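Below you'll find the structure, written out as structure tokens, and then a few comments.
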Amino acid sequence: MHILHVVGARPNFMKVAPVMAALACKPGIRQTLIHTGQHYDPNMSDIFFRQLEIPEPDINLEIGSGSHAIQTAQIMMRFEEVVQEHKPDWVLVYGDVNSTIAAALVCAKLWIPVAHVEAGLRSGDRRMPEEINRLLTDQIASLLFTPSTDGDENLKKEGITSDKIRFVGNVMIDTLIRLLPYAERVDLPGVPDRYVLVTLHRPSNVDEPTMLKPIMETLIRLSERLPVVFPIHPRTRKRLAEYEIMIPTGQQLQLLDPVGYIEFLALQRRASIVITDSGGIQEETTYLGVPCLTLRENTERPVTVSMGTNVLVGRDMQRLEQEVHHILDGSAKPKQIPPLWDGKAGERIADIMFEYA
Ligand code: UD1
Ligand code: UDP
């Protein structure tokens with residue numbers, strides 16, 4: 001059986017690694033890895049292949065950045081040729097980025113079955129580009145691998161039959177469990193002992209100066225109580241320059257370039273609080289038991305709120321400051337790890353795919 005995997009953006013790499021590794025242990029399965037090139041900076045792509053020991057991509061479509069329509073269409077055009085040439089038996093797509101829906105749509109038209117890893121997550125917010133990608137990918141996939149049981153419920157409500165849905169657990173946590181021992185040993189030069197860790201890249205937070213400015217002002221104020229460490233996504237870096245938002249010198253707010261997975265895991269594990277709008281980081285902090293404040297009105301990962309350490313603070317800067325002080329004063333949520341976030345989700349996926357061989 002020939003399985004073709006499609007990845008393109010940073011959060012895809014943590015998800016494909018354990019699935020490819022588990023499938024490599026199965027006899028008679030050939031794997032091909034396609035990188036769409038949606039993310040291309042060395043610290044948004046190459047570093048993860050090295051640290052996570054993902055095989056070199058067989059093909060890089062080198063799509064790069066563009067509007068949603070341009071990016072999605074170019075991936076489709078180039079990926080269609082790849083599928084026609086390689087004729088895979090199955091295509092595995094990951095998460096909710098433009099590369100995910102573009103590849104799934106190509107396959108649906110060519111009658112190639114698609115398996116979606118991290119299916120069923122819903123924020124209920126169709127203004128998020130990822131929500132559209134999730135809804136559409138799940139409708140056209142033949143197998144849906146869910147990370148949590150809310151995913152199963154969402155899919156059934158959308159008319160997807162139970163025989164296609166498999167609750168396998170969280171592949172991102174497989175990668176975390178595997179690499180945590182390395183993160184525990186890594187040096188973080190220049191990082192203070194106690195700090196707040198921040199990441200932001202959602203268009204709703206960073207593409208509007210009326211949102212990004214108050215966020216940065218709040219982070220500067222918070223840094224007077226505890227230093228703030230902020231590895232900054234290229235989208236956000238661009239917006240800070242465009243809106244001429246400066247960090248006054250002498251502030252305890254460190255802006256870094258994006259860091260590798262092991263370094264970021266170390267930063268999360270040692271942080272007093274994480275402030276983020278990332279999807280994956282809501283999950284990783286839940287597993288690590290680190291308090292997470294999510295700067296969004298909703299989340300497609302509700303289990304991180306109901307069981308984990310995540311608190312949705314919306315877009316309310318006063319609330320963010322209150323929650324930070326509340327946690328620093330000693331009242332954080334207790335830690336509980338969701339079912340099947342156990343480091344074996346990739347193996348479960350490989351076992352199921354092997355049934356189709
Ligand atoms: C994408 C995903 C988002 C995911 C995020 C993870 C979509 C619609 N969005 O958002 O779901 O949470 O990745 O990080 O698929 N850029 C660089 N170098 C790079 C990559 C991007 O400079 O290697 C800059 C470019 O200016 C680009 C911008 O970042 O225009 C946005 O990149 P894009 O991939 O379109 O969206 P993300 O915000 O990264
Ligand atoms: N991450 C990283 N370096 C960073 C920031 C994040 O390795 O500087 C990792 C993080 O640990 C998680 C993944 O990137 O595994 C999350 O990706 P991102 O926030 O870009 O996307 P999202 O999950 O929001 O789609």
Side-chain angles (χ1 to χ4, degrees), residues 7-18 35-52 62-72 74-75 93-103 118 121 123 127-134 137 147 170-176 179-180 183 186 197-207 229-239 241-242 255-269 271 274 276-285 287-288 290 292 294-296 299-301 304:
V7 294
R10 178 167 70 185
N12 293 158
F13 308 136
M14 298 77 194
K15 296 168 196 169
V16 77
H35 190 326
T36 64
Q38 177 174 346
H39 284 175
Y40 44 84
D41 288 347
N43 58 11
M44 293 296 286
S45 177
D46 300 7
I47 192 164
F48 301 104
F49 284 77
R50 280 200 305 279
Q51 292 193 343
L52 278 56
E62 295 183 352
I63 298 303
S65 306
S67 70
H68 285 279
I70 290 174
Q71 195 173 57
T72 310
Q74 287 189 342
I75 296 170
V93 297
Y94 296 82
D96 56 15
V97 300
N98 284 347
S99 301
T100 314
I101 177 63
E118 200 188 81
L121 299 186
S123 66
R127 288 171 55 92
M128 275 185 91
E130 295 81 4
E131 184 75 352
I132 305 299
N133 295 344
R134 291 189 276 260
T137 302
N170 191 325
V171 285
M172 244 187 165
I173 301 302
D174 289 12
T175 295
L176 186 158
L179 294 182
L180 195 55
V186 85
L197 177 65
V198 178
T199 80
L200 294 170
H201 68 274
R202 292 280 155 229
S204 57
N205 281 328
V206 307
D207 285 2
V229 177
F230 186 174
I232 195 156
H233 190 284
R235 172 190 284 274
T236 312
R237 173 80 78 186
K238 248 175 72 178
R239 296 302 183 220
E242 193 180 323
L255 293 189
L256 314 177
D257 284 331
V259 297
Y261 181 80
I262 293 174
E263 292 75 15
F264 194 76
L265 190 52
L267 280 171
Q268 287 191 84
R269 200 182 78 78
V274 175
T276 193
D277 56 15
S278 156
I281 294 169
Q282 296 172 59
E283 297 179 339
E284 291 169 346
T285 46
Y287 185 86
L288 295 167
V290 174
C292 178
T294 297
L295 270 183
R296 287 176 45 188
T299 178
E300 61 288 336
R301 290 157 161 98
T304 61

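Whatever order the structure lists ligands and atoms in, that order sets their numbers, starting from 1. None of the values given here were measured: they were computed from a predicted structure.
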Residues that P129 engages under side chain to side chain contact (heavy atoms under 4.5 Å, CB included), provided they are two or more places apart: H68
Heavy-atom side-chain contact between L200 and F230 under 4.5 Å: yes
Mind checking whether R237 has a heavy atom under 4.0 Å from ligand 1? no
At what distance is the nearest protein heavy atom to atom 16 (N) of ligand 1, and which residue and atom is it? Y40 OH, 3.5 Å
Please list the nearest protein heavy atom to atom 26 (O) of ligand 1 with its residue and the distance rounded to 0.1 Å. K238 NZ, 2.9 Å
Ranked by distance from atom 3 (C) of ligand 1, the top protein heavy atom is E130 OE2, 3.2 Å
Which atoms of ligand 1 have any heavy atom of H68 under 4.0 Å away? 8 (C)
Would you indicate which of I101, D277, N98 comes nearest to atom 15 (O) of ligand 1 when only heavy atoms are counted? N98
Looking at R202, which atoms of ligand 1 are within less than 4.0 Å of one of its heavy atoms? 11 (O), 12 (O)
Under a 4.0 Å heavy-atom cut-off, what residues line ligand 2? R10, P11, M14, F48, M172, H201, R202, P231, P258, V259, G260, Y261, F264, Q268, S278, G279, G280, I281, E284
Could you check if a side-chain atom of R235 sits within less than 4.5 angstrom of a side-chain atom of D207, using non-hydrogen atoms only? yes
Quick check on contacts: which atoms of ligand 1 are under 4.0 angstrom from a heavy atom of M44? 23 (O)
Using the rule side chain to side chain contact (heavy atoms under 4.5 Å, CB included), only one of H39, Q38, Q71 pairs with I63; which is it? Q71
Please report which non-hydrogen protein atom sits nearest to atom 35 (O) of ligand 1, along with the residue it belongs to and the distance in Å to one decimal place. Q71 NE2, 3.8 Å
Could you check whether any side-chain N or O of T236 sits under 3.5 Å from a backbone N or O of V206, counting only pairs where one atom can act as donor and the other as acceptor? no
Closest heavy-atom approach to atom 2 (C) of ligand 1 among I63, V97, T36, T100 is made by V97
Measure from the side-chain N and O atoms of T299 to the backbone N and O of R301, and report whether any donor-acceptor pair falls under 3.5 Å. yes
For the student: nearest non-hydrogen atoms of P18 and V171, plus distance: CG-O, 3.5 Å
Which of the numbered atoms in ligand 1 are below 4.0 angstrom from a heavy atom of H233? 14 (O), 37 (P), 38 (O), 39 (O)
Any nitrogen or oxygen of N133, side chain or backbone, less than 3.5 Å from one on ligand 1? no
Quick look: P11 vs ligand 1, heavy-atom contacts under 4.0 Å, and the answer is side chain
Tell me: protein heavy atom nearest atom 22 (O) of ligand 1, and distance? P234 CB, 3.3 Å
Give the residue and atom name of whichever protein heavy atom lies nearest to atom 12 (O) of ligand 1, and the separation in Å to one decimal. H201 NE2, 2.8 Å
Counting only heavy atoms, which portion of H39 has something under 4.0 Å from ligand 1: side chain, backbone, both, or neither? both
Side chain or backbone, does R10 bring an N or O within less than 3.5 Å of an N or O on ligand 1? no
State whether a side-chain donor-acceptor pair under 3.5 Å links S65 with Y40. yes
List the atom of A266, the atom of V186, and the distance in Å for their closest heavy-atom pair. CB-CG1, 3.3 Å
Going by side chain to side chain donor-acceptor pair (under 3.5 Å), name the residues that satisfy it together with N12, two or more places apart in sequence or in a different chain. none
Just to confirm my output: which protein heavy-atom neighbour is closest to atom 25 (C) of ligand 1, and how far is it? S65 OG, 3.4 Å
Nearest-contact summary for atom 7 (C) of ligand 1 - protein heavy atom, Å: Q38 NE2, 3.6 Å
Ignoring hydrogens and angles, write down the donor-acceptor pairs under 3.5 Å from the side chains of residues 43-51, residues two or more places apart or on other chains.
unit_1: S45; atom_1: OG; unit_2: H35; atom_2: NE2; d: 2.9
unit_1: Q51; atom_1: OE1; unit_2: Y261; atom_2: N; d: 2.8
unit_1: Q51; atom_1: OE1; unit_2: I262; atom_2: N; d: 2.8
unit_1: Q51; atom_1: NE2; unit_2: E263; atom_2: OE1; d: 3.0

Please answer whether the main-chain N or O of R202 pairs with a side-chain N or O of D277 as donor and acceptor at a distance below 3.5 Å. yes
Among side-chain atoms of E283 and N170, is any donor-acceptor pair under 3.5 angstrom? yes
R235, any N or O under 3.5 Å of ligand 1 N or O: yes
R269 side chain reached by L288 side chain, heavy atoms, under 4.5 Å: yes
Taking the side chain as C-beta and beyond, is there a heavy-atom pair between D41 and P234 under 4.5 Å? yes
E130 side chain vs D96 backbone, donor-acceptor pair below 3.5 Å: no
